[in-house]
Student: 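This is the structure I have questions about; it appears just below.
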Amino acid sequence: MTQRKILVTSALPYANGSIHIGHLVEYLQTDIWVRFQKMRGHECRYVCADDTHGTPIMIRARQEGITPEALIANSYAEHTQDFADFEIAFDNYSSTNSEHNRVLCNEISAAMADHTEWLPVEQAYCDTCSMFLPDRFVRGTCPACGLQDQYGDSCDNGDTYQPTELLDPACATCGTAPSRKSADHLFFKLEPFRAFLQEWVPGHTQQEIANKLQEWLDGELRPWDISRPEPYFGFEIPGHPGQYFYVWVDAPIGYIGATREWAEREGRDYKEFWQSEDAEIYHFIGKDIVYFHTLFWPAMLKGAGYSTPSSVFVHGFLTVNGEKMSKSKGTFISARTYLDNLGPMYLRYYYACKLGGGVEDIDMNLDDFIKRVNSDLIGKITNVASRGAQMLYKRLDGQLGSIPKNGTQLLRDAQCRAETIAAHYEAREYSKAIVQIREIAESANRYFDEQQPWVTIKSDPEAARGVMTTVLNVFRTIAIYLKPVLPGYVEKVEALFIEEPYSWDSAQQTLENRAIAAYTHLASRIEHKAIEAIIEASRQAPLEPEPEPEVKIEPIADEVSFDEFMKVDLRVAKIVKAEAIEKANKLLRLTVDLGGEERQIIAGIKQAYKPEDLVGRLTVVVANLAPRTMKFGVSEGMVLAAGEGGAELMILSPDDGAKPGQRIS
RNA sequence: GGUGGCUUAGCUCAGUUGGUUAGAGCAACGGAAUCAUAAUCCGUGGGUCCGGGGUUCGAGUCCCUGAGCCACUACCA
């Protein structure tokens, strides 16, 4: 077989949070694939890095009173430790905030110069917040139709416009009127790559993904804004002080940066992988970042004269017990919490059992997790070694004999599966590989039972030795097939047989007439209490992990005079009718009594309140707000509520005694 | 509402381009075994393949339609 040269990446974890078992689906899927390729004798390099730039890192560091550099250093230490403890073996784990990466960003943007251009963008700028306001952060009146309080780029009637054309614009955060400020932004022109992408996508992504991408490719490919003005934590663009590369530019370039760092350390050239016909490049990613990896990224590489990915492998998300990971249910499990209670092999084995080559979500049912591991990995697989090796060591001097006639077929059957299993690994159909492996273990257990060596050892020890020799050779074959999934476990197997690290071809050898080492315990069952401890610890874990910070406390708005305040007419209202708007995800249609007058109000509180729970309640509404025409009718007021939105919304209630229609002042 | 995806045994999942009687593991039940850190083996039961229609000699598989769930997206004045 010719040796392939393969570069593999996993998506870069953001330096603003801990690794959790959802992330691990990807890193374990990738690690298994890489280990498999290495066992096959190919040159396969696995690189990754912390993704360190962008606004959230900047804000978080500010909150913690440390520099962004200190923040990402902490994250780096934590992430690399978690990965190492899960037996994830990177050839290099870097950081996007490295000098290598900065140099590459500059080189690549220079190489792409024909495809990029600086265009002045007049953008809203908030002096209070000292930042440019993205479209969504500006609200105002539509210049085309006069609708009030619209987003910065389009209104509900479908008119589109520039944020700067908006009448009465206001910063969505602090409410002050933004000024207009012009800044140059760097744009990457994607449209010229349409033909390339049309051709590239189908052969380099999974079918499902290609279908989805076709939607995008059928539409307009707008230029991509790839710079951000300061303040921004990232790489400043050469020759453009105060301008930074957008985080989604330097993140994927981080793949190259990590390769370059590795190459330098090893005395190699990163171009062997990134500017060569001979090498293959594979990106493992989650389905949430398909867009960046299959449109912008290949186009960027193409434009800058680099190799484009051989394939982008997309996987689904992890659910736990059939639903999204949840902090309150204790299923938001960090890598560290898991490791505090269980060894990495169990999760590696379980994910391997569940993973296929598609983009479907996988579910980790904790009950199933325990059963699957205990019955397959311990009961079936490890038991083969345990019952064979212990008897041989204790009662037959630990000496393997020859494979007897009754064992040749069994062993040959196990060995013959090598290419089938290899094909499954190659196609990332790990669950199918595991099924094969489990079948081998079953056949070995069956053989052991049929031959009854525990009986024959008394009358014909050499017959028993032959059975043990067969069973242990079969087990050894299983271990070789399992090595990409369970590297730590298989190291113990290599020690048991006193051998060098296995390659895929090792499965074709037969061990006869030689000694084995004393059997050491390979794996224990998962105890229920370990799972309970994990759940309990996850429930109590600090609420730090995933998305942005926590509760955002907005700055107090600018002072208003009493007269100005009195312009807002707040009234006690009684909700007399409430119904869900079928076609909307978040909206309820309320009818409120304002003391003799009934109004219809459309409120975005569907996810937080059931209509029937609202009927009869008193609450507070803005009564003199201009009516707003929506898709589902006119909303004649606004119900006041606090909270982050979604299900996290709390509407206001007056104390007992308030009457509908009374003014609040 | 739009787009894409999913729905097969109590649980987790296989089911090639349509082709005998729809499979596996776990769980359940019955039995055997006692070498193995309670681990094994044999057997049994268990299914409206989400519902409805259609194409076909033949549909879990293809087409239409409905429902439920998931993701992205729109609606929060």
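Residue numbering restarts at 1 for every chain, and letters A, B, ... go by the order of the sequence lines.
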Student: Please classify the nucleic acid contact of A:Asp367 as base, sugar-phosphate, or nothing, using heavy-atom distances under 4.0 Å.
Tutor: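 The residue A:Asp367 makes no contact with any strand.
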Student: Among the nucleotides B:rU12, B:rC70, B:rU40, which one has an atom lying closest to any side-chain atom of A:Asp363?
Tutor: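 Nearest to the side chain of A:Asp363 among the choices is B:rU12.
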Student: Looking only at side-chain atoms of A:Glu442, point me to the closest of B:rC70, B:rC41, B:rA33.
Tutor: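 Given the options B:rC70, B:rC41, B:rA33, the side chain of A:Glu442 is closest to B:rC41.
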Student: Is the A:Phe292 ring parallel, tilted or perpendicular to the A:Trp224 ring (thresholds 30°, 60°)?
Tutor: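 Geometry flag for A:Trp224 against A:Phe292: tilted rings.
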Student: Between atom CG in A:Asp376 and atom P in B:rC13, what is the gap in whole Å?
Tutor: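 From A:Asp376 CG to B:rC13 P: 14 Å.
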Student: Across all strands, who's sitting opposite B:rU55 as a Watson-Crick or G-U wobble pair, both distances under 3.5 Å?
Tutor: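 Looking at the geometry, B:rU55 pairs with no nucleotide.
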Student: If we take the P atom in both B:rG51 and B:rU7, what is their distance in whole Å?
Tutor: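 Rounded to whole Å, the distance is 13 Å.
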Student: What distance, rounded to whole Å, do you find between the two P atoms, one in B:rG52 and one in B:rU16?
Tutor: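 Going atom to atom, P in each nucleotide, I get 23 Å.
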Student: Assign A:Gly637 to base, sugar-phosphate, or nothing according to its heavy-atom contacts below 4.0 angstrom with the strands shown.
Tutor: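 Sugar-phosphate: the residue A:Gly637, judged by heavy atoms under 4.0 Å, touches backbone atoms but no base.
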Student: Roughly how far apart, to the nearest Å, are B:rG18 and B:rG53 at atom P?
Tutor: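 23 Å, rounded to whole Å.
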Student: Applying the Watson-Crick and G-U wobble criteria at under 3.5 Å, what pairs with B:rG18? Answer none if nothing qualifies.
Tutor: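 For B:rG18, the partner nucleotide comes out as none, under the 3.5 Å rule.
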Student: Paired with B:rG25: which nucleotide, if any, by Watson-Crick or G-U wobble criteria at under 3.5 Å for both distances?
Tutor: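 B:rG25 is paired, partner B:rC11.
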Student: Any luck finding a side-chain donor-acceptor pair between A:Arg372 and A:Asn365 under 3.5 Å?
Tutor: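 Absent: no donor and acceptor within the cut-off.
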Student: Would you kindly give the CZ-to-P distance between A:Phe292 and B:rC72, to the nearest whole Å?
Tutor: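 Distance check: A:Phe292 CZ to B:rC72 P gives 14 Å.
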Student: Are more than 12 heavy atoms, taken from residues, nucleotides or ligands other than A:Lys577, located less than 6.0 Å from that residue's NZ atom?
Tutor: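 It does not: A:Lys577 NZ has 12 such atoms or fewer within range.
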Student: Of the listed nucleotides (B:rA24, B:rC42, B:rC35), which one gets closest to any side-chain atom of A:Arg438?
Tutor: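 Of the options given, the side chain of A:Arg438 lies nearest B:rA24.
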Student: Is there a Watson-Crick or G-U wobble partner for B:rC69 with both distances under 3.5 Å, and if so, which one is it?
Tutor: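 Matched B:rC69 with B:rG5 under the 3.5 Å cut-off.
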Student: Given atom CG of A:Asn383 and atom P of B:rC26, what is their separation to the nearest angstrom?
Tutor: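 It is 13 Å, rounded to the nearest whole Å.
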Student: A:Gln390 side chain N/O closer than 4.0 Å to the phosphate oxygens (OP1, OP2) of B:rU37?
Tutor: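 Indeed, a polar side-chain atom of A:Gln390 lies that close.
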Student: Near A:Lys354 NZ, under 6.0 Å, is it more than 12 heavy atoms from other residues, nucleotides or ligands?
Tutor: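 Counting neighbours around NZ of A:Lys354, more than 12 heavy atoms of other residues, nucleotides or ligands fall under 6.0 Å, so yes.
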Student: Using the P atom as the reference point in each nucleotide, state the distance between B:rC62 and B:rG5 in Å, no decimals.
Tutor: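 Between the two P atoms, the distance is 12 Å.
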Student: A:Ile370 CD1 to B:rU12 P: how many Å, rounded?
Tutor: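 The distance from CD1 of A:Ile370 to P of B:rU12 comes to 15 Å, rounded to the nearest Å.
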Student: On RNA chain B, nearest-nucleotide positions of A:Gly379 versus A:Gln452: which is more 5'?
Tutor: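 The residue closer to the strand's 5' end, by nearest nucleotide, is A:Gln452.
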Student: How far, in whole Å, is B:rA22 from B:rG46 if one measures between their P atoms?
Tutor: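 B:rG46 and B:rA22 have their P atoms separated by 13 Å.
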Student: Out of B:rG15, B:rC35, B:rC41, which has the shortest distance to the side chain of A:Lys380?
Tutor: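 Among the listed nucleotides, the one closest to the side chain of A:Lys380 is B:rC41.
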Student: With a non-hydrogen cut-off below 4.0 angstrom, is A:Ile601 in contact with a base, only sugar-phosphate, or nothing?
Tutor: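 No contact.
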Student: Would you mind telling me which residue lines up with the more 5' stretch of RNA chain B, A:Asp368 or A:Ser443, judged by nearest nucleotide?
Tutor: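 Mapping each residue to its closest nucleotide by heavy atoms, the 5'-most match is A:Asp368.
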Student: Could you tell me how far B:rG66 sits from B:rC75 if I compare only their C1' atoms? Round to whole Å.
Tutor: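 Their C1' atoms lie roughly 25 Å apart.
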Student: In terms of side-chain heavy atoms of A:Arg446, which of B:rC41, B:rC70, B:rA36 is nearest?
Tutor: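 The nucleotide sitting nearest to the side chain is B:rC41.
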Student: So which nucleotide from B:rG15, B:rU12, B:rC41 ends up closest to the side chain of A:Lys432?
Tutor: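 Of the options given, the side chain of A:Lys432 lies nearest B:rG15.
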Student: Tell me: NZ of A:Lys287 to P of B:rC6, nearest whole Å?
Tutor: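 Checked: the NZ to P distance equals 11 Å.
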Student: Measure CD/A:Gln436 against P/B:rG25 and give the value in whole Å, please.
Tutor: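 The distance from CD of A:Gln436 to P of B:rG25 comes to 14 Å, rounded to the nearest Å.
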Student: In whole Å, what separates the C1' atom of B:rG10 from that of B:rG45?
Tutor: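 Those two atoms are separated by 13 Å.
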Student: Of the listed nucleotides (B:rC41, B:rC13, B:rU34), which one gets closest to any side-chain atom of A:Asn445?
Tutor: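 For the A:Asn445 side chain, the nearest candidate turns out to be B:rC41.
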Student: A:Tyr519 OH to B:rA36 P: how many Å, rounded?
Tutor: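 Checked: the OH to P distance equals 12 Å.
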Student: State whether the side chain of A:Arg571 and the backbone N or O of A:Val621 hold a donor-acceptor pair below 3.5 Å, judged by distance alone.
Tutor: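 It does not hold such a pair.
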Student: Between A:Phe284 and A:His315 (judged by ring centroids, cut-off 6.0 Å), do the two rings come close enough to count as a pair?
Tutor: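 They do not qualify: ring centres at least 6.0 Å apart.
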Student: Taking any strand in view, what nucleotide pairs with B:rG60 in a Watson-Crick or G-U wobble way, both distances under 3.5 Å?
Tutor: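 Base-paired to nothing in any strand shown.
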Student: My understanding is that a pair needs two contacts under 3.5 Å, Watson-Crick or G-U wobble. By that rule, which nucleotide pairs with B:rU48?
Tutor: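 The answer is none; no pair meets the criterion.
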Student: Write down the distance separating the P atoms in B:rG25 and B:rC41, rounded off to the nearest Å.
Tutor: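 Between the two P atoms, the distance is 10 Å.
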Student: To the nearest Å, give me how far apart CD1 (A:Ile457) and P (B:rA36) are.
Tutor: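 After rounding, the gap between these two atoms is 10 Å.
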Student: Have A:Gln452 and A:Thr456 got a donor and an acceptor in their side chains that come within less than 3.5 Å?
Tutor: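 Not at all, the side chains of A:Gln452 and A:Thr456 share no donor-acceptor pair under 3.5 Å.
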Student: Which one is paired to B:rA38, where only Watson-Crick or G-U wobble pairs with both distances under 3.5 angstrom count?
Tutor: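 When the pairing criteria are applied, nothing turns out to pair with B:rA38, so the answer is none.
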Student: Of all the choices, B:rC35, B:rA27, B:rG25, which nucleotide is nearest to the side chain of A:Lys371 once you look at every atom?
Tutor: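 Nearest to the side-chain atoms of A:Lys371, counting from C-beta on, is B:rA27.
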Student: Does A:Arg428 qualify as a cation-pi partner of A:Phe313, given the criterion of NZ or CZ under 6.0 Å from the six-membered ring centre and within 45 degrees of its axis?
Tutor: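 A:Arg428 over A:Phe313 ring: yes.
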